[in-house]
Amino acid sequence: MSTTLTAPTASRASRIDHLDQLEHRSVHLLREAYASFPHLAMLWSIGKDSTVLLWLARKAFFGHVPMPLVHIDTSFKIPEMIQYRDRLAAEWRLTVIYGQNEEALAAKQTFPDGNVDRLTCCGNLKTEALRRTLSGEGKRYRFDHKLGKYVVDTNTEPYTGVIVGARADEEGSRSKERYFSPRSGENNWNIADQPPEFWNQYATEFAPGTHVRIHPLLDWTELDIWEYIERERIPTVSLYYDQGKGERYRSLGCWPCTKSVTSDARNVQEIIVELKSGRFANIAERSGRAQDKDDGGGLESLRREGYM
Amino acid sequence: MSVLSGSVTTTRPRRLDEEGLPFDDETAPNPFRAIADPAEVEARMGIVIVGHVDHGKSTIIGRLLADTGTLPEGRLEQIKDLCARTSKPFEYAFLLDALKDERAQGITIDAARVFFRTPKRRYLILDAPGHVEFLKNMVTGAARAEAALLVLDAGEGIQENTRRHAYLLSMLGVRQIAVVVNKMDLVGCRQEAFDEFARELGAFLATIDMTPAAIIPVIGRDGDNLAMRSTTMSWYTGPTVLEALDAFRSQGEGVEGPFRMPVQAVFKFTNDGDDRRIVAGTIDSGRLRVGDEVVFYPSGKRTRVKSLEAFNRVAPSVAGAGESTGFTLAQQIYVTRGELATLAHEPQPVTATRIRASIFWLGARPLQLGRNYTLKLGTARVSAHLEHIERVLDASTLESVTGRTAVVRNEVADCVIKLRHPIAFDRASELAATSRFVLVDNFNISGGGVVRDALTAATPRTTSTGDGAVVALRPSVLWLTGERGAGKSALARWLAGRAEHSGAKVEILDDDTVGALFPAGESRQEQDLRARRLAWLASRLEAHGAAVVVAIDSADEEARRYARSIASEFVEIHLNASPEILEARGRSRDGLAYEAPVQPELRLDTGRLSLDEAGAEVIAWLQEWSSQS
């Protein structure tokens, strides 16, 4: 009864490096999500983070992605992002679903149309579109691999588990996130009263009418993401690289509100060198995203209401 | 003007005035970023900073970040702007308390994560809140940490939360700790005052079996003894905070212990002709090699490892602690989530239905004697009954009390817990990771604990449920619930078939047997009423000695709760499958909204399990249930 358990063999074969460590934790979280939520979806913004997340899902499920990838199409995304989305959907046989706020778009309640400010536009085209797509109230368009195009999805079941690629180092409010973060029926995030999370045990139980956001990338940094993209050779959208004009995007969003940064990094290796050089050390990653600046806590206000 | 122009530990930073920014010179080399090859850097170490409210934890981290040049400019600008607009003096703590709520209240409400690096390694700093109401956030931060900084205020000394946090650290398994005595200027930076603290603290920590690696006098606001050695406290010759951090040892994952892997899932994704059946999980301790004989507990099933599996890399021949892995088996034995994979030639885990455990309680609602909770240990999930509270320990005074019927928030207690079915674990004294569990109360993780001992150990089940085995069902109501297409009727018939020759009396209540007399109804009310009528009928049949298998539409949680309340032995089995599968099996699109059960005795994914597998799962559960009551 009192013996200490020690295995006979004890020398360590190889050290787990920090990318392995991050990968193992993310994979663990993805599998917990899959085991816990019968109606699970993963948000795919087409950006580098959620594409790494998609890759990690293929790691977790041994080459398969057994859940739909939900993309919120504001209609103002840079066209290349959509082409890239549909190319990967076909190549990797992904279940891709997109949703949008068709009413707001029809009524031109958008910032590019000049009728609302940036934050309201985000609220309409992202937060509200996301809420309605997740709940099933809004139309879901599913990529039909046989037809090679999007068709209206017949499944309107609310998603009760939603996997999101948020990282803690991106912005202040994201550093407060849990791996498993319960949201109310209205998508609201109660920051002051979050469940405790310890010992690989997460808030996988949830009351009817609520859902849980799952954040497998919380511990990753921007540099980790790029180093992992390089190591795994993950395909990324070319907007991240300088195409000869001396500029590239560091964070992708809608074209009217996303600015490029001055950079001549033409590929993943050059981005890693650039990040390590400290050139951007004093510039926030989302500094090119205009909606973050419109009030004291732009992104935080958006996130409380359900923004990714 | 670079803050850091020379060696890290000997140069004092330029004093900052209200307007001064510490990083207005981008070109000077920064020793904390100058890491030639990140591959040489160890994996990231988690450090938690704990202590009483207002003792200056966030200030210390903010200042450390500033002095090591680890801050993105956007962050500092943003906070300074906001301070200017709201006419508040800038504070380093605001860097972390980045949320609007927090700035309003001036206290940290969550364990913020901050990335940080020194020339030696990367850190993930977790700023745990000191406010007593936010203890659960502190636990969240501390549980991820390999080492801790315990901060206290020289002006106030050891406070309630200092003791509570230190005690919880020891319980959470954080053994490496450095104590930071902040605001030394309040005691005139005197050595005698510091020595007195050090004595008092050392004595207290000894009572909870903790030895601090260092006790460091600092002035957080000015950066004294954080990154830079203090000139005003030149009598202090121990490490600075940064030096103490770098001196912590990275606890290599538990590769030395016996192999333990809680099974997260058994995957079989059949698309694209994939016929692998992969047992997946994250290894808690030890290592696993191809060819090893694995034993799963509590079932006791065993076979050999045929292959390790991986995506986008060569399949490894060995996997160790900390790795999320997957393996295939030489023989197709039926194992499922919740079992603990171990190796045959290594020390075995314990399997039991009654345990003695030490628990810390975080829930707003007290932990009540006689109530049921959900206990989650590894990937096992079991209904747990609080049988006895042996003693309650006030974590802040460390006094123990007996005879209590409840444990309230922030208390620590030794308890006896009875489990609905056996689970596998290790004793805390033998293997920490697989002794740890949480208690869920009303959807919320409300407490954590470690298993001290097993009180009655159930032996691993050896009975076979192979093809054609005859199974006796005892008088009970087996309520199968799930959406249309989940496979309720098929499973009911399978179960009845197995019990047919056992001599047990079995009745099936489903649409085929009672549909004509009790029509399903169109509306939600009609459906509920029907479920309640059949629940009553089932309870009467049970009272006369029948095992009743109910397989009707019962979308309403309330109706099922009623069924449970009137049966003497009620087993709720939730059948589920993905929406695609349910639709393929004919679930109608306009079906009534289905309320999934909150705590069924058993959940089955009939999209992934065959009928035989699902049936075997039910029978295995029933056998365990019978063997213990």
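Just so it is clear, the model here is predicted, and its values are computed rather than measured. Each chain gets a letter, A, B and so on, in the order the sequences are listed, and its residues count up from 1. What's counted below: heavy atoms across the whole structure, side chains too, no hydrogens, waters or symmetry copies.
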Practice item. Quick one: sort the Phe61(A) and Phe269(B) rings into parallel, tilted or perpendicular, breaks at 30° and 60°. Key: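 If you compare the ring of Phe61(A) with that of Phe269(B), the planes turn out perpendicular.
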
Point to revise | Sidechain-backbone polar pair: Gln264(B) side chain, His28(A) backbone, donor-acceptor under 3.5 Å | key: yes

Review point. Does Arg276(B) reach the main-chain N or O of Phe62(A) with its side chain, forming a donor-acceptor pair under 3.5 Å?
Key: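 Yes, the answer is positive, given that a donor and an acceptor are paired below the 3.5 Å cut-off.
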
Check each atom of [X] against the heavy atoms of chain A and say whether the ones under 4.5 Å are side chain, backbone, both or neither.
X	answer
Asp274(B)	side chain
Arg436(B)	both
Thr325(B)	backbone
Leu172(B)	both

Exercise for review: Verify side-chain contact (heavy atoms from CB on, under 4.5 Å) between Thr204(A) and Lys376(B), making sure each step is shown before the conclusion.
Suggested key: CA-CA 11 Å; Thr204(A) 53; Lys376(B) 299 207 290 187; 2.7 Å; yes

Which region of [X], side chain (C-beta onward) or backbone (N, CA, C, O), has a non-hydrogen atom less than 4.5 Å from a non-hydrogen atom of chain B, or is it both or neither?
X	value
Tyr34(A)	both
Asp153(A)	neither
Leu22(A)	side chain

Practice item. Between chain B and each of Glu232(A), Glu32(A), Glu23(A), Met67(A), count heavy-atom pairs under 4.5 Å; write down the option with the most. Key: Glu32(A)

Practice item. Given side-chain contact (heavy atoms from CB on, under 4.5 Å), test Phe198(A) with Leu362(B) step by step and report yes or no. Key: CA-CA 12 Å; Phe198(A) 50 98; Leu362(B) 307 167; 4.0 Å; yes

Looking at [options], which makes the most heavy-atom pairs under 4.5 Å with chain A?
options	value
Thr282(B), Thr379(B), Ile445(B)	Ile445(B)
Asn312(B), Asn576(B), Val438(B), Asn444(B)	Asn312(B)
Ala265(B), Gly378(B), Ala433(B), Pro262(B)	Gly378(B)

Practice item. Nearest 0.5 Å please: distance from the NE2 atom of His18(A) over to the CZ atom of Arg121(B). Key: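 Atom-to-atom, His18(A):NE2 and Arg121(B):CZ are 15.0 Å apart.
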
